[in-house]
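Here is the structure we will look at.
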2 protein chains.
Amino acid sequence: MKPKTSQRTAIESVFNQSSQPLSVDEILARGREMVSTLNQSTVYRNLKLLVEQGWLKQIHHPERGTLYERRDKTHHHLFHCRVCNRVFDLPGCVLDPSKTLPSGFIIEEHEVFLSGVCRDCSD
Amino acid sequence: MKPKTSQRTAIESVFNQSSQPLSVDEILARGREMVSTLNQSTVYRNLKLLVEQGWLKQIHHPERGTLYERRDKTHHHLFHCRVCNRVFDLPGCVLDPSKTLPSGFIIEEHEVFLSGVCRDCSD
DNA sequence: GTCGTTGCAAAGCCTTTGCAGGGAA
DNA sequence: TTCCCTGCAAAGGCTTTGCAACGAC
């Protein structure tokens, strides 16, 4: 049976307590608030496991690098403002379901990054 | 005035002769067929320049890492087949123009990665 | 007791940078 | 001649791995 260590539990609760995608450093820092000896390698190893198990997914953010978030979050896309450099979660999906692919192709996943100018910077 | 070196010319013609996104190693290998002394740092430096000038764009491919392609190619998205692991260019855009964002947000760019099962593997 | 997990340190990619020499205008 | 660019080697991030000790079952 797979041992449930305090380290893995800590990493999981970091994600359960955050609604935003997190970087490895952020996961490590927050995890250490619960298990002070938490090591970076342990974080990497568990992230890899959790991604393989499908509990987490990786996001490749053009500015912030690799981020992680829970796979079962409500569907959304990320919007990056080139002016203020902030990242926003936008609800819903911008894919057009009526656009057809060449026949035979089956879409299972999609990752969309929008960028431009946000609400506050477009005045 | 900005010198046009044989190295930069070689890198540009690599892209003019390829219709697919290329990795740094591929660019280096093909560039060396034209300028045998071409160095990896030179490739990195010129890629960075060409991206800043808007001639190239970077793609963050989940499997193959960072790829580069000309920005003025016909609009398309990449599709990655999880079975055979190949990457396809799919013509057209799957974004739904009628989907509205929260007001004030202006989309200037978007990057879409589709993945699933391709034509050949879905039989 | 057994086997997976952790911490630590070292090694591995990929990418950037410092510096001296070389090439374009 | 004057800069910018190149090649080389070294350094920097981020991520993975080997190994011995530890912890869950």
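Naming convention: chains lettered A, B, ... in sequence-line order (proteins, then strands); numbering from 1 in each chain.
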Whole-Å gap separating C1' (dT5(C)) and NZ (Lys4(A)): 13 Å

Sequence neighbours excluded - salt bridge (Lys or Arg N to Asp or Glu O under 4.0 Å) pairs with any residue from residues 107-120 of chain A: Arg71(A)-Glu109(A), Arg86(A)-Asp120(A), Glu108(A)-Arg82(B)

Contact list for residues 17-35 of chain A, test salt bridge (Lys or Arg N to Asp or Glu O under 4.0 Å), sequence neighbours left out: Glu26(A)-Arg64(A)

CA sep, side-chain torsions, deciding dist, call: His110(B), His80(A), ring pair (Phe, Tyr, Trp, His ring centres under 6.0 Å): CA-CA 10 Å; His110(B) 65 273; His80(A) 174 245; over 10 Å; no

Separation of dC8(C) C1' from Leu38(A) CG (nearest whole Å): 13 Å

Phosphate contact (dC5(D) OP1 or OP2) by Thr42(B) side-chain N/O below 4.0 Å: no

Presence of Thr5(B) side-chain N/O under 4.0 Å of dA24(C) phosphate oxygens OP1/OP2: no

Nearest-nucleotide comparison on DNA chain C, the residue closer to the 5′ end among Ser6(B) and Val24(B): Val24(B)

Nearest-Å distance for atom pair CD1/C1', residues Ile11(B) and dC5(D): 11 Å

Thr5(B) (side chain) donor-acceptor with Arg8(B) (main chain) under 3.5 angstrom: yes

Length of the line joining Leu49(A):CG and dT16(D):C1', which is rounded to integer Å: 14 Å

Asn46(B) CG to dT6(D) C1', straight-line distance once rounded to whole Å: 9 Å

Along DNA chain C (nearest heavy atom to each residue), the more 5'-positioned of Val43(A) and Thr66(B): Val43(A)

Sugar-phosphate or base contact per nucleotide [nucleotides 8-13 of chain D; S, B, -; heavy atom under 4.0 Å]: BB----

Sequence neighbours excluded - salt bridge (Lys or Arg N to Asp or Glu O under 4.0 Å) pairs with any residue from residues 48-57 of chain A: none

Qualifying residues under side chain to side chain contact (heavy atoms under 4.5 Å, CB included), relative to Ser6(B), sequence neighbours excluded: Val35(B)

Between P of dA24(D) and CZ of Arg8(A), the distance in whole Å: 12 Å

Whole-Å gap separating P (dC14(C)) and CG (Leu28(B)): 12 Å

Tyr44(A) vs dT15(D): side-chain N/O to OP1/OP2 distance below 4.0 Å: yes

Gln7(B) side chain near dG23(C) phosphate (N/O to OP1/OP2, under 4.0 Å): no

All side-chain hydrogen bond (donor to acceptor under 3.5 Å, both in side chains) counterparts of His60(A), not counting sequence neighbours: none

Leu47(B) CG - dT17(C) C1' separation (whole Å): 16 Å

